[in-house]
Protein chains: 2
Amino acid sequence: MLTISRLAAHAGVTVRAVRHYHQIGLLPEPERGPSGYRIYDAAAVVRLIRIRTLADAGVPLARVQELLDAGPDEFARGVEEVDRHLRAEIRRLQENRRRIAGLAAGEHLALPQSVVGYLERVRALGVDERYVELERDTWIVLAAQWPQQIDEVIAHKHSELDDPDMVRLYRLLGQALDWDVDDPRVVEIADIMERQMRRALEAGEVDADDGLDDPFVDLLDEAAAEAAPMAERLREILQERGWKGWTRIERVAEP
Amino acid sequence: MLTISRLAAHAGVTVRAVRHYHQIGLLPEPERGPSGYRIYDAAAVVRLIRIRTLADAGVPLARVQELLDAGPDEFARGVEEVDRHLRAEIRRLQENRRRIAGLAAGEHLALPQSVVGYLERVRALGVDERYVELERDTWIVLAAQWPQQIDEVIAHKHSELDDPDMVRLYRLLGQALDWDVDDPRVVEIADIMERQMRRALEAGEVDADDGLDDPFVDLLDEAAAEAAPMAERLREILQERGWKGWTRIERVAEP
DNA sequence: CTTGACCTTGACGCAGCGTCAACCCCGACA
DNA sequence: TGTCGGGGTTGACGCTGCGTCAAGGTCAAG
């Protein structure tokens, strides 16, 4: 005869768990002794061990119930399903581990390796850290939007950085965070941007059907603009010259 | 400007989850429009994606809070810990998969491969299926008790089966389930058992310090005895000859 | 002006137990 | 024989991370 705590110990579970299994009918209530104590036999140990084996594998207790009370064929099918579930779960965790791996390197979360590498290159150019952080946040959102295409997009951004004109642009943007609203140097930024936008447009690199909806693009532009006082002035200049957009380039009018 | 459902969609979570994060202070409550609607900006999307990245990795929300609001060093340490946790979880699931693998082969749950193989051999000898199930249940309990040593124990049981005397014993035990209480053939079983017990004792195979407590051994014996009417008679005969025990052999008196 | 799709707060529900609380019981020791 | 420590009993609330009504107010389109 076993008391509840000895039963639990033999099966490697807690007393509370055993009582819970009684409550939900997973383990039948045993006879009681004259004192009201539950009195178990060896069969209860066996059943309890089976329950734990399935439960440890992540099977919900309700399903455990079904499986243990089912015939051998239904049971076999259930076990196969459990194994599929385990495999899927393992894959999910491994995927998460890969994603987590990038941030241990220092970048602040939720970015694929490729983007982290790109940001590091930008930082190495001497671009202001605050600007790098702005870019980073935009990339976090974009990476969530296009989990597939992000590596390709980043590869293209990398190639853009081979152009010294683009490097100069980044450096200027970094400095521009501290400029006054009417700093005249904003014109140089506008010049470079116009060159680059024109080049991109001619190279057919501008893709209007990028999976982003317009209001969302506006929101990203707006967020970027909030960071620097001169942004509004830059927008005006570019608009006068027939350009619109930041996150996504758009040609709105011929000059 | 984003409404809650568009925010949720951009980050790949449910509206309910976003509200939950507000409730627990994980995501700050944004401004409200004149209608009382929440109005989000791009920063909220970024924060929300970060939250999900950590939460998907199994980090409890309270810990997510701490990590996101911590400095980069504390953050790095936290991420490393998360990775350790992920690795441990993956190992646990893989271990469960191995355990589950055995039962897919048909045996009814909670047994290591070695035991499944042993039971199959016994079954192949033509031993009654009901008796095999009795053995199986005992092994489930024993395997839970000695997860390490079980393979060794089973290897020894395998070698015992090389003895035709032992094979005969198993077959008789299978048949004996249907015998009457006073069937005279029980004597043959007792004879074989005595021979085997004596042999085991002389070979030094009997280990009193096996990690099982006495009441538990008695319980297992009792459970086995309940299955067949002749069991009690068998016990008496063996006791007269100075033997005790079934699950564990004990010499109680010289003849 | 009506739809139908959104938004709001508030509340209860779920698994799988952990953790009191308040009480009873059993065996050992003085 | 009392008592003491370590069992047992039921009952109830707590925890995480939301899902899911309910009972309304709002927004944009037709």
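Note that the coordinates shown come from a computational prediction; the quantities given were computed from them, not determined experimentally. Here is the naming used below: chain letters follow the sequence lines, and residue numbers restart at 1 for every chain.
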inquiry  = Tell me whether the side-chain N/O atoms of B/S35 come closer than 4.0 Å to OP1 or OP2 in D/dC27.
reply    = yes
Q | Stepwise salt bridge (Lys or Arg N to Asp or Glu O under 4.0 Å) check, A/R63 with A/E81 | A | CA-CA 11 Å; A/R63 184 89 181 106; A/E81 186 194 316; 3.5 Å; yes
On the nucleotide C/dC7, are OP1 or OP2 found under 4.0 Å from the side-chain N or O atoms that B/T3 carries?
yes
Shortest non-hydrogen pair, A/P28 vs A/R47, comes out as CD-NE, 4.4 Å
Between CE of B/M1 and C1' of C/dC6 the distance, given in whole Å, is 16 Å
For a quick test of reading the model: is some side-chain N or O of A/S5 closer than 4.0 Å to OP1 or OP2 of D/dG8?
yes
- Task: Determine the contact category for B/R32: base if any of its heavy atoms lies under 4.0 Å from a base atom, sugar-phosphate if only primed atoms, P, OP1 or OP2 are that close, otherwise nothing.
- Result: sugar-phosphate
Within residues 38-48 of chain A, those residues having any heavy atom closer than 4.0 Å to DNA chain D are A/R38
Mind checking whether A/I140 and B/R50 have side chains closer than 4.5 Å, heavy atoms only?
yes
In whole angstroms, the gap separating C1' of C/dA15 from CG of A/L26 amounts to 13 Å
Non-hydrogen side-chain atoms of A/L61 and A/Y21 separated by less than 4.5 Å: yes
Grab the N/O contacts between the protein and nucleotides 17-19 of chain D below 3.5 Å, and write none if there aren't any.
unit_1	atom_1	unit_2	atom_2	d
D/dG17	OP1	B/L61	N	3.4
D/dG17	OP2	B/L61	N	3.3
D/dC18	OP2	B/Y21	OH	3.0
D/dC18	OP2	B/R52	NH1	3.2
D/dG19	OP2	B/T14	OG1	2.9
D/dG19	N7	B/R16	NE	3.4
D/dG19	O6	B/R16	NH2	3.1

Original post:
Under 4.0 Å: is that the gap between some side-chain N or O of A/R19 and OP1 or OP2 of D/dT9?
Top reply: yes
Taken to the nearest whole Å, OH/A/Y37 to P/D/dG8 is 7 Å
>> Do B/R16 and B/H20 have side chains that approach each other closer than 4.5 Å (heavy atoms only, starting at C-beta)?
In response: yes
Those residues at least two apart in sequence (or on a different chain) that pass salt bridge (Lys or Arg N to Asp or Glu O under 4.0 Å) with A/R92 are A/E89
Side-chain donor-acceptor pair present, A/Y131, A/R136, cut-off under 3.5 Å
no
A/L7 CG to D/dG8 C1', in whole Å, measures 14 Å
A side-chain contact here means heavy atoms from C-beta on lying under 4.5 Å apart; do A/I237 and A/W243 qualify? no
A/I4 atom CD1 is separated from C/dC26 atom C1', nearest whole Å, by 17 Å
Taken to the nearest whole Å, CG/A/D56 to C1'/C/dA15 is 15 Å
A/L27 CG to C/dG16 P, in whole Å, measures 15 Å
In whole angstroms, the gap separating C1' of C/dC7 from NE2 of B/H22 amounts to 13 Å
- Message: Checking B/R235 against B/Q239: is there a side-chain donor and acceptor pair closer than 3.5 Å?
- Response: yes
